[in-house]
Amino acid sequence: MHYEQTDGAKLYYKDWGSGRPIVFSHGWPLSSDAWDVEMKLLADNGFRAIAHDRRGHGRSEHTWTGNDMDTYAADLAALVDSVGLSDVVVVGHSTGGGEVVRYAVRHGAGRVRKVVTVGAVPPVMVQSEANPQGTPLSAFDEIRARVLSDRSQYWKRELALPFYGFNREGAALSQGLVDHFWLQGMRTGLASAYDCVRAFSETDFTEDLKALDVPILIAHGDHDQIVPIHDAASRAIELVRYGTLRVYPEAPHGIHGDYQQQLGRDLLQFVQG
């Protein structure tokens, strides 16, 4: 299914089950397909699970403009409005974690009941005078260079392996999971993939986290090589008023295996509470 944003962008979403709505936002450079297991879990347990492909990603229109966090949050608001949702729980992984936090603060008053972030980018990733412990800008410049030069190889090996922790000694590689990551990445438009690096790395969510006035579950793996926990969840939990931090030992950035099963149980418990 598709809905249309005010700038004319046609954006894709899937809508499974019935009951209280749970809205999912995916990470970069993926699509709503990354949330299929969690969506089925929630739909099987009496919830309505909805997930969209971010503009420029997956089956949504590959837009030239609007590849920034404010527009991503506005797109999410348009989805919630178009489907007529209320009493919503929003769940975001990685880039999607920033998206749902900004949406909840700027557009979700009276609609958002709870927030869940998983391996999420808030408060801010890039290093600056205000954030000296962050990741140097040069690291994100290198990501952009790899996206431009050979994004297929980048998705297939250089990003997919640390994303799922498959580059760690003794890790069991799932080629199927790597192939699925590659497939989702290749469905993302080049301009959107490039621009989204700035959106997820340079957007500062500090004030959003401080302003959040609903419960938030902040979930993160302590072996996350993409969004290190000490720069993200460990700092985010100190900024929110109604937060619960859940740390998954030895879990990577990508959600799979035992980590996925544990997260599924925690997610279901949190939304049922």
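Residue numbers start at 1 and run along the sequence shown.
Between the CH2 atom in W16 and the CE atom in M39 there is a gap of 5.0 Å [rounded to 0.5 Å]. Interatomic distance, D68 CG to F200 CZ, rounded to the nearest 0.5 Å: 14.5 Å.
Considering F140, W155, F163 in turn, W155 is the only one that fulfils the ring-ring contact (aromatic ring centres under 6.0 Å, His included) rule with W28.
With no hydrogens or angles considered, a side-chain donor-acceptor pair links R168 and H223 at under 3.5 Å. Between the side chains of R59 and S32, at least one donor N or O sits under 3.5 Å from an acceptor N or O. Side-chain atoms of Q127 and T135 include no donor-acceptor pair closer than 3.5 Å. With no hydrogens or angles considered, no side-chain donor-acceptor pair links Q175 and H180 at under 3.5 Å.
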message = Set out, in order, the CA-CA distance, both residues' side-chain angles and the distance that settles side-chain contact (heavy atoms from CB on, under 4.5 Å) for I229 and V247, then state yes or no.
response = CA-CA 9 Å; I229 188 171; V247 178; 3.9 Å; yes

ask   = Would D141 and R146 satisfy salt bridge (charged side-chain N to carboxylate O under 4.0 Å, His left out), going step by step from the backbone distance to the final call?
value = CA-CA 9 Å; D141 288 339; R146 298 298 294 120; over 6 Å; no

inquiry  = What verdict does the side-chain contact (heavy atoms from CB on, under 4.5 Å) test give for V115 and L217, after you've listed the backbone C-alpha separation in whole Å, the side-chain angles of each residue and the deciding distance to 0.1 Å?
reply    = CA-CA 6 Å; V115 177; L217 172 64; over 6 Å; no

query = Please walk me through it: do N167 and E158 pass side-chain contact (heavy atoms from CB on, under 4.5 Å)?
reply = CA-CA 9 Å; N167 60 341; E158 296 168 25; over 6 Å; no

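Note on ring orientation: taking the six-membered ring where Trp is involved, the planes of Y259 and Y248 are tilted (angle from 30° to 60°). Taking the six-membered ring where the residue is Trp, H253 and H93 present tilted rings, their angle falling between 30° and 60°.
Under 4.0 Å is where a charged nitrogen must lie from a carboxylate oxygen, and between E238 and R235 no such pair does. The residues K114 and D87 are annotated as not salt-bridged, no charged nitrogen and carboxylate oxygen being separated by less than 4.0 angstrom. The pair R241-D213 fails the salt-bridge criterion, with no side-chain N (NZ, NE, NH1 or NH2) lying under 4.0 Å from an Asp/Glu carboxylate O. Contact check on R55 versus E61 returns no salt bridge, with no Lys/Arg side-chain nitrogen under 4.0 Å from an Asp/Glu carboxylate oxygen. The pair R106-D70 meets the salt-bridge criterion, with a side-chain N (NZ, NE, NH1 or NH2) lying under 4.0 Å from an Asp/Glu carboxylate O. With respect to D33 and K14, a salt bridge is recorded, a charged nitrogen being found less than 4.0 Å from a carboxylate O.
Aromatic ring centres of H256 and F166 lie closer together than 6.0 Å.
The neighbour count for R113 CZ, taken as heavy atoms of other residues, nucleotides or ligands under 6.0 Å away, is above 12.
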